[in-house]
Amino acid sequence: MSKSGLKNLKPAPKHFIRSIAENEIKNGKHDSVYTRFPPEPNGYLHLGHAKSICLNFGLAEDMSGRCNLRFDDTNPEKESTEYMESIRASVEWLGYEWDHLCYASDYFDELYDFAVELINKGLAYVDDLDAEQMREYRGTLTEAGRNSPSRERAIKENLALFERMRAGEFAAGQYVLRAKIDMSSPNIVMRDPILYRIRFAEHYRAGDKWCIYPMYDFTHCISDAVEGITHSLCTLEFQDNRELYDWILANITIKENHVGERGKALPRQIEFGRSNLEYSIASKRKLIQLVNEGFVDGWDDPRLTTLDGLKRRGYTPASIRNFCAEIGITKKDSTIEMTVLENAIRHDLEASAKRVFGVLKPLKVVLTNYPEGETEQIEVRNHPKDESMGVRAITFSRELYIDHDDFMLDPPAKFFRLGPGREVRLRYGYAITCDEVIRNEAGDVVELRCSYDPESAKGKTADGRKIKGIIHWVSAEDAVNAEVRQYDRLFNVPNPGASDDFAQELNPDSLVIFENAKLEPSILAADIHDRFQFERVGYFCFDAKDHSERKPVLNRTVSLRDTWANINK
RNA sequence: UGGGGUGUGGCCAAGUGGUUAAGGCACCGGAUUUUGAUUCCGGCAUUCGAAGGUUCGAAUCCUUCCACCCCAGCCA
């Protein structure tokens, strides 16, 4: 068990970053590892972030190191307190504890001073090229760029101009501060990157104190260094930025840090590959589109693989951590099959979910030879293997509900369920035989008249005959009505959003609502956070938003594995 | 076509010159089972992007080639 107290956690896998870190501890480069998870508070977290969280916090946890949660909040136009708080809650939900809660925006003052240091060293200058000109001067992938006319501006003048940028004397876009590196570098990131831009925007934390904001490349490495971070882990697309990361740290003087101790050595950026989940999207832009155009219920729609969505769907923190452990950390981008995620939650819930009976599509069954008005209480276990989960009583009576899917008018031989003249066992109850099928004018099956075998309790039959089929049921008398939402993958193509119009890629059956589900009454006594296995059906949880005792609403987290369905494909 | 990366079974992923190339997911058998669940047992890469080379020995070293990903925001 980890210090977070989560159960059923798999041991942390070994990967190349851990090897690097272990070597650097061994050879004395660092005393201990110090990582950070650095989201920009401009949206909600999804599974891709979970991978990074588990990597950063997990590495620190496994190596007795530390990890900060740091908001990389240098772009006031996109960020908000709401996002920041949601992200913080998601990290906590996963069960991790940060060493320090940090904000890049807390470093604005020192960042400014470091920029001045670079100007003083002749390594940064104020430029007045506009965006379009700058693009022209930058060159292309195959052609070198050209020096800006402002590149040789005197240090004194740069200092004055930068000060005036800060004072708000110029319009947005009029000036930028640039590093003076190499306009002909084959690495485009190094062609005099912009360090500061003018933005007259209210920052969700800094308010209107600033009208110039530092860029990611300038901010991130300094934030890492100032926090004493040893390993700065990020995704592959930042590989080109590493050269700039190192350049900036090599050219400024970090005297001390203010959280944690000063690292012996500068932080090292290491990149790892992103993981994409089949049949889902992680792109912020597309997520916004799904929400705004009403394809889903919101950022926490249970079909979304945002952490809030997965939480509402019924995924546990342990299952998500185990999923991240399962997919590994490498230097290549990967596409993960949905079954890996499903396996992770099934594995967790198989061990921990209470078993109950729930009928999604009720079909009434009347046991014609069972005495009217009589009932029996049957004691059943809450878990087939874990006795500590206790027992409960369910009611058996003359009128029951079974699931419509457990009956076929003309079933194939291998259908181990009910059909005209067929016999099945009601789980924990008696064997019943279907004598009569009642249909309405439209021809729909609306009720079954069956007879029960009074000698068939306790799983045995008097004559020793074997009954292959076992189905679940609830007593009509005390069944609880509930709305059950059956979720499935949101898209019907493995790589949605490849084209820009993904509306046609949506799975029309991603949400099927059963308004009249019948559940055994014990469900009402359960805790709101409990998870259930509806035997033979799947795993379910209460919907955090819409559930009430008056009107129970449950979400299907995931179905049980279903080899019968596979056979029928 | 400049620079930076990556290529091991359907999907992930160990492997860092030396017996039959870990493990998970998926799939296929079979056993147990009052959940067609779970559990169990068995199967599933003569081969590691390709071709050459070095070596007694190569997925691991060298050469060439091929494929794919990222970079030309005053986003992160």
Side-chain angles (χ1 to χ4, degrees), chain A residues 10 13-15 19 38-40 42 72-75 77-78 127 129-131 134-136 138-145 172-178 184-191 193-199 213 215-217 219-220 234-243 271 273-275 278 284 325-344 346-347 350-351 355 357 380 383-385 414-417 425-429 431 456 458-460 467-472 494 533-538 559-567:
Chain A
K10 294 191 178 178
K14 193 119 167 119
H15 48 70
S19 301
E40 183 188 12
N42 68 342
D72 213 346
D73 53 357
T74 58
N75 186 352
E77 287 166 336
K78 292 188 171 177
D127 201 350
L129 254 30
D130 66 30
M134 196 150 318
R135 197 181 320 124
E136 283 165 18
R138 192 155 33 226
T140 68
L141 293 178
T142 52
E143 298 161 46
Q174 194 174 158
Y175 286 103
V176 291
L177 182 72
R178 291 229 260 171
S184 62
S185 171
N187 180 358
I188 291 169
V189 171
M190 298 300 277
R191 318 240 263 230
I194 292 173
L195 268 20
Y196 268 89
R197 77 288 213 187
I198 298 170
R199 275 293 110 91
Y213 290 91
M215 299 286 285
Y216 162 84
D217 284 304
T219 308
H220 205 94
C234 62
T235 43
L236 253 25
E237 69 270 26
F238 290 101
Q239 287 176 118
D240 290 344
N241 300 247
R242 187 175 63 234
E243 190 178 356
E271 310 85 11
R274 285 177 185 270
S275 291
E278 282 190 343
K284 218 157 279 177
E326 207 58 68
I327 64 177
I329 300 291
T330 65
K331 290 203 70 159
K332 80 175 188 202
D333 293 325
S334 57
T335 303
I336 312 295
E337 290 179 345
M338 190 62 96
T339 53
V340 180
L341 216 212
E342 291 175 345
N343 175 260
R346 284 194 187 113
H347 181 81
E350 154 62 26
R355 269 56 172 177
F357 283 170
V380 302
H383 189 105
K385 290 180 180 161
K414 291 258 176 156
F415 185 78
F416 304 140
R417 307 178 191 181
R425 171 172 293 286
L426 295 174
R427 182 153 156 87
Y428 294 127
S456 64
K458 303 276 182 226
K460 303 217 164 45
I467 301 169
K468 180 72 181 166
I470 297 156
I471 63 173
H472 57 100
Q533 185 197 92
F534 290 5
E535 293 209 33
R536 302 208 313 127
V537 181
S559 69
L560 252 33
R561 277 187 74 228
D562 190 350
T563 50
W564 170 243
N566 280 351
I567 289 165

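Throughout, protein chains are lettered first and strands after them, A, B, ... in sequence-line order, and every chain is numbered starting at 1. Values in this document were obtained by computation on a predicted structure and should not be read as measured data. The figures here come from the full heavy-atom set of this structure, side chains too, leaving out hydrogens, waters and symmetry mates.
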Identify the two heavy atoms, one from A/P13 and one from A/A325, that lie closest to each other, and give their separation to 0.1 Å. CG-O, 3.5 Å

Find the distance A/K14:NZ to B/A14:C1' and express it as a whole number of Å. 12 Å

Between B/G10 and B/C74 - C1' atom distance, rounded Å: 45 Å

Apply side-chain contact (heavy atoms from CB on, under 4.5 Å) to A/E136 and list each qualifying residue two or more places apart in sequence or on a separate chain. A/E132

Between the main-chain N or O of A/G469 and the side-chain N or O of A/R417, is there a donor-acceptor pair closer than 3.5 Å? no

Applying a 4.0 Å non-hydrogen cut-off, can you work out what A/L129 is touching in the nucleic acid: base, sugar-phosphate, or nothing? base

Counting the atoms with a prime plus P, OP1 and OP2 as sugar-phosphate, which does A/T74 contact under 4.0 Å by heavy atoms, base, sugar-phosphate, or nothing? sugar-phosphate

Taking the same atom, P, in B/U8 and in B/G4, what whole-Å distance lies between them? 22 Å

Protein within reach of the bases, or only the backbone? For nucleotides 32-45 of chain B, mark each nucleotide 5' to 3' as B, S or -, using heavy atoms under 4.0 Å. --BBBSBS------

Under 4.0 Å: is that the gap between some side-chain N or O of A/R138 and OP1 or OP2 of B/C74? yes

Protein-nucleotide distance (A/E77, atom CD; B/A76, atom P), rounded to Å: 10 Å

Rounded off to whole Å, could you give me the CZ-to-P distance for the A/R242 and B/C71 pair? 16 Å

Sticking with atom C1', work out how far B/G9 lies from B/A51, rounded to a whole angstrom. 22 Å

Between B/A14 and B/C56, how far apart are the two C1' atoms, rounded to whole Å? 27 Å

Using the test salt bridge (charged side-chain N to carboxylate O under 4.0 Å, His left out), find all partners of A/K284 that sit at least two apart in sequence or belong to another chain. none

Whole angstrom is fine here: how far is it from CG in A/D240 over to P in B/G5? 8 Å

So, is B/G9 syn or anti if syn means the angle is within 90° of 0? anti

With a 3.5 Å distance limit and no angle check, can you tell me whether A/R355 reaches the backbone of A/E535 through a side-chain donor-acceptor pair? no

Output the distance between atom CG (A/N241) and atom CD1 (A/I188), rounded to the nearest 0.5 Å. 11.5 Å

Do you know which two heavy atoms are closest between A/R178 and A/I194, and how far apart they sit? CD-CG1, 4.0 Å

Rounding to an integer number of Å, can you tell me how far A/K331 NZ sits from B/A13 C1'? 17 Å

Just call it for A/V189: base, sugar-phosphate, or nothing, with non-hydrogen atoms closer than 4.0 Å on any strand. nothing

Strictly below 4.0 Å: does A/R199 bring a side-chain N or O up to OP1 or OP2 of B/C75? yes

Please tabulate, for the side chains in residues 327-336 of chain A, all donor-acceptor contacts under 3.5 angstrom to protein atoms that are two or more places apart in sequence or on a different chain.
unit_1	atom_1	unit_2	atom_2	d
A/T330	OG1	A/K332	N	3.2
A/T330	OG1	A/K332	O	3.3
A/D333	OD1	A/R274	N	2.7
A/S334	OG	A/S275	OG	3.0

A/E40: which residues meet the salt bridge (charged side-chain N to carboxylate O under 4.0 Å, His left out) condition with it, sequence neighbours left out? none

Could you tell me which residues satisfy side-chain contact (heavy atoms from CB on, under 4.5 Å) with A/P186, sequence neighbours excluded, listed by chain and number? none

Is A/N42 close enough to B/A76 that one of its side-chain N or O atoms is under 4.0 Å from OP1 or OP2 there? no

Regarding A/F238, tell me which of base, sugar-phosphate or nothing describes its non-hydrogen contacts under 4.0 Å with the strands shown. base

By nearest heavy atom, map A/E143 and A/D73 onto RNA chain B; which one lands nearer the 5' end? A/E143

Which part of the nucleic acid, if any, lies within reach of A/D217 when heavy atoms closer than 4.0 Å are counted: base, sugar-phosphate only, or nothing? nothing

CG of A/L236 versus C1' of B/G5: gap in Å, rounded? 6 Å

What interatomic distance, in whole Å, is found between P of B/C44 and the corresponding atom of B/A22? 11 Å

Check side chain to side chain donor-acceptor pair (under 3.5 Å) between A/E337 and all other residues, then give those that pass, not counting sequence neighbours. none

Going by modelled atom types, is there a donor-acceptor pair between the base of B/G4 and the side chain of A/N187 at under 3.5 Å? no

In whole Å, what separates the C1' atom of B/A21 from that of B/U46? 11 Å

Can you check nucleotides 8-12 of chain B for protein contacts, nitrogen or oxygen pairs under 3.5 Å, and list what you find?
unit_1	atom_1	unit_2	atom_2	d
B/U8	OP2	A/K332	NZ	2.5
B/G10	N2	A/E337	OE1	2.9
B/C11	O4'	A/E337	OE2	2.9
B/C11	O3'	A/T335	O	3.0
B/C11	O2'	A/T335	O	2.6
B/C12	OP1	A/T335	N	3.0
B/C12	OP1	A/T335	O	3.4
B/C12	O5'	A/T335	O	3.1
B/C12	O2'	A/I327	O	3.0

Provide the distance between the two C1' atoms, one in B/U63 and one in B/G23, to the nearest whole Å. 34 Å

Once side chain to side chain donor-acceptor pair (under 3.5 Å) is applied, do any residues pair with A/K468, and if so which ones, sequence neighbours excluded? none

A/E243 CD to B/G3 P, in whole Å, measures 13 Å

Can you name the side-chain contact (heavy atoms from CB on, under 4.5 Å) partners of A/I470, sequence neighbours left out? A/R425, A/R427

With sequence neighbours left out, write down each residue that passes side-chain contact (heavy atoms from CB on, under 4.5 Å) with A/R561, or none if nothing qualifies. A/R346, A/T563

Report the distance from atom CE of A/M190 to atom C1' of B/G4, rounded to the nearest whole Å. 13 Å

Taking B/G17 as the reference, what is the distance to B/G3 when you measure between their C1' atoms (whole Å, please)? 32 Å

Between which residue ranges does RNA chain B form stems of three or more consecutive Watson-Crick or G-U wobble pairs, both distances under 3.5 Å? B:2-7 with B:66-71, B:10-12 with B:23-25, B:27-31 with B:39-43, B:49-53 with B:61-65

